[in-house]
Amino acid sequence: MKQSHLYTKTRKTLPSGEVAKNAQLLIKAGYIHKELAGVYAFLPLGIRVMNKIEDLIRSHMDKIGGQEILLSSLQDPELWKKNNRWDDDDVDIWFKDRDERIGFAWSHEEPMISMIEHHVSSYKDLPVYVYQFQNKFRNEPRAKSGLLRGREFIMKDLYSFTKNQDELDEFYRKITDAYKEIFNVAGIGDQTYYTFASGGAFTEFSHEFQTLSDAGEDTIYIDRDKKIAINEEVYSKEIVKELGLDEKKLEKVKSIETGNIFKFGTGYSEKLNLKYKDADGKDQFVYLGSYGIGLSRLMATVVEVLSDDGGIVWPESISPFQVHLIELTEGLGEDLYQKLLDNNIEVLYDDRQIGAGEKFNDADLIGIPWRLVVSEKTDGKVEIKNRSEKSAQLITKDEAIKKFI
RNA sequence: CGGGCUGUAGUGUCAACGGCCAGCACGCUUGCUUUGGGAGCAAGUAGACUGGGUUCGAAUCCCAGCAGCCCGACCA
């Protein structure tokens, strides 16, 4: 894409009233636009990052047997009433229409279970793993921290429907590994801890993926060597012992909950009467699990954790473009730009007629991991620099293209 | 939901004593110059959250609403 066609511009001033680093940088660089408190629009650069994150998650969900679907954002109150989760006294974050005949989805367990009932009745139909990328609407009493706690946001939620505990446990292990891999590829694996957290009504623990950051709202106790953590909400001497940890080695830190996985067992199916017939023709309750990653929160977390004084530093996996090609002399980058495009390399081509300093600053702010510069000084070659490195190397254009194929 | 703070061009502004034409910077437009780390000159462009009230006169004082931010509570 030619940067001269990109309608968003970087800004020199920070938005007043945005304190969160992720919101400051993403707005300054032109990734997002604030609509309301906790409600952000994604601009061309921003949606490219979101799409990258989506692709990354999708490939891992598909690999472990996930089937992608898309439930609706408008929901039937009757489904939620059955489970006592419609009343504002029970769930206080609902957005509802005036007459309370429609709910705006804040979660999808109930509709998901209702939908699956129509398709699963035999042990032969199980297991089933379905997931979606969906908007969630949560009327948070206090939206804050930029994209970290929004009132409208996109989440990947996967639901597992399995025959028994063993099958559930096996899938749980698989998705745990998948989540670890996702956070590794997204560049925050080192800072992300597998965390024991509150299990709610149906199970002892759930597990969270907590990324160390002062911008987070959670407090966890981490063991850096074993790479596991305990959420403050369930922390006790007994649990430390149960997990075989040494209380003295634990560090108390702030973190962002980037993922959450949850075993429901048969709790939900008993309440909502989700059954299947086993091989003997007897009714059995389906074992459920749910597994979430907030996409916009993940994007914000990467910005919080990896940015530097110059701006954002994207990992290659979720950068809006692979390469930022900058020409300092009019027309000199055109030829390389075309060649990169011919090789299906995602390139943002800064063909604007502005000063070099402005281009470099914009490039640092936008944060694409590789920068190519052509000018009269590069003498037919091209200068390549990584976003997180200080110095650049001069290479040939062919070498540059090969690097990104 | 409790408490606090704040609403001035597209952005920013601890700019302006209740009083003349609401200042400055960025952005944007036009022209000339400049061209390897947010360029220079010149001429333009655009503004008081909403509604009441006090006053001869309100951006400025008062009230209400709305909005934003922060702290807390909440966050299966």
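Below, chains carry the letters A, B, ... as their sequence lines are ordered, and counting in each starts from 1. All values below come from the heavy atoms of this structure, side chains included, with hydrogens, waters and symmetry mates left out.
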Handout entry: B/A9 to B/G4 separation - C1' atoms, rounded to the nearest Å
Key = 29 Å

Fill in the blank from the handout: Partner of B/C5 under the Watson-Crick or G-U wobble criteria, both distances under 3.5 Å, comes out as B/G68

Practice task
Whole angstrom is fine here: how far is it from CZ in A/Phe264 over to P in B/A76?
Solution key: 11 Å

Handout entry: Presence of donor-acceptor pair under 3.5 Å, side chain of A/Glu358 and base of B/G36
Key = no

Exercise for the section: Say whether, by atom type as modelled, one donor and one acceptor occur between the side chain of A/Glu152 and the main chain of A/Val39 under 3.5 angstrom. Expected result: no

Completion exercise
Which of A/Phe104, A/Trp86, A/Trp106 passes ring-ring contact (aromatic ring centres under 6.0 Å, His included) with A/Trp80? It is A/Trp106

Problem - Opposite nucleotide pairing with B/A39, Watson-Crick or G-U, both atom distances under 3.5 Å - result: B/U33

Handout entry: Any A/Lys12 side-chain nitrogen or oxygen under 4.0 Å from OP1 or OP2 of B/G12
Key = no

Handout entry: Euclidean distance for P, B/U45 against B/C66 (whole angstrom)
Key = 38 Å

Practice task
Look at all strands and tell whether A/Gly17 reaches a base, only sugar-phosphate, or nothing, counting heavy atoms closer than 4.0 Å.
Solution key: sugar-phosphate

Practice task
Return the nucleotide paired to B/A16: Watson-Crick means purine N1 to pyrimidine N3 with N6-O4 or O6-N4, wobble means G-U with N1-O2 and O6-N3, both under 3.5 Å.
Solution key: none

Practice task
For nucleotides B/U8 and B/U13, find the distance between their P atoms and express it as a whole number of Å.
Solution key: 8 Å

Problem - Pairing partner (Watson-Crick or G-U wobble, both distances under 3.5 angstrom) of B/A59 - result: none

Problem - B/G7 to B/C62 separation - P atoms, rounded to the nearest Å - result: 12 Å

Exercise for the section: If B/U54 has a Watson-Crick or G-U wobble mate with both distances under 3.5 Å, name it; if not, just say none. Expected result: none

Practice task
Please work out if A/Arg85 contacts a base, only the sugar-phosphate, or nothing of the nucleic acid, heavy-atom cut-off 4.0 Å.
Solution key: base

Practice task
For A/Arg371, answer base if it contacts any base atom (sugar-phosphate contacts may also be present), sugar-phosphate if it contacts only those atoms, and nothing otherwise; contact means non-hydrogen atoms under 4.0 Å.
Solution key: base

Practice task
Identify the residue among A/Ile368, A/Asp308, A/Leu306, A/Ile366 that makes a side chain to side chain contact (heavy atoms under 4.5 Å, CB included) with A/Arg387.
Solution key: A/Asp308

Exercise for the section: Locate the shortest heavy-atom distance separating A/Leu148 from A/Ala300; write the atom from each residue and the value. Expected result: CD2-CB, 3.8 Å

Exercise for the section: Could you say whether A/Ser375 or A/Thr13 is positioned toward the 5' end of RNA chain B, judged by the nucleotide with the nearest heavy atom to each? Expected result: A/Thr13

Handout entry: Whole-angstrom distance between B/C1 and B/C28, as gauged at atom P
Key = 42 Å

Practice task
Please determine if a side-chain N or O atom of A/Ser16 lies less than 4.0 Å away from the OP1 or OP2 oxygen of B/G12.
Solution key: yes

Completion exercise
Any strand, both distances under 3.5 Å, Watson-Crick or G-U wobble: B/U45 pairs with B/G27

Problem - Base of B/A76 paired with side chain of A/Glu109 (donor-acceptor, under 3.5 Å) - result: yes

Exercise for the section: Please work out if A/Thr329 contacts a base, only the sugar-phosphate, or nothing of the nucleic acid, heavy-atom cut-off 4.0 Å. Expected result: nothing

Problem - Main-chain N/O of A/Lys381 paired to A/Thr378 side chain as donor or acceptor, under 3.5 Å - result: yes

Practice task
Ignoring backbone atoms, establish whether A/Lys28 has a side-chain N or O less than 4.0 Å from OP1 or OP2 of B/G38.
Solution key: no

Practice task
Have a look at A/Ile93 and say if it touches a base, only the backbone sugar-phosphate, or nothing, with a 4.0 Å heavy-atom cut-off.
Solution key: nothing

Problem - A/Ser375 and A/Thr329 side chains, donor-acceptor separation under 3.5 Å - result: no

Exercise for the section: Scan A/Glu208 against the nucleic acid and name what it touches under 4.0 Å (heavy atoms): base, sugar-phosphate only, or nothing. Expected result: nothing

Practice task
Would you please confirm or rule out a distance under 4.0 Å between OP1 or OP2 of B/C1 and any side-chain N or O of A/Arg142?
Solution key: no

Practice task
Take atom P in B/U55 and the same atom in B/U29, then report the distance between them in whole Å.
Solution key: 48 Å

Problem - C1' gap between B/A43 and B/G52, integer Å - result: 43 Å

Practice task
Pick the P atom in B/C17 and in B/C26, then give their distance to the nearest Å.
Solution key: 24 Å

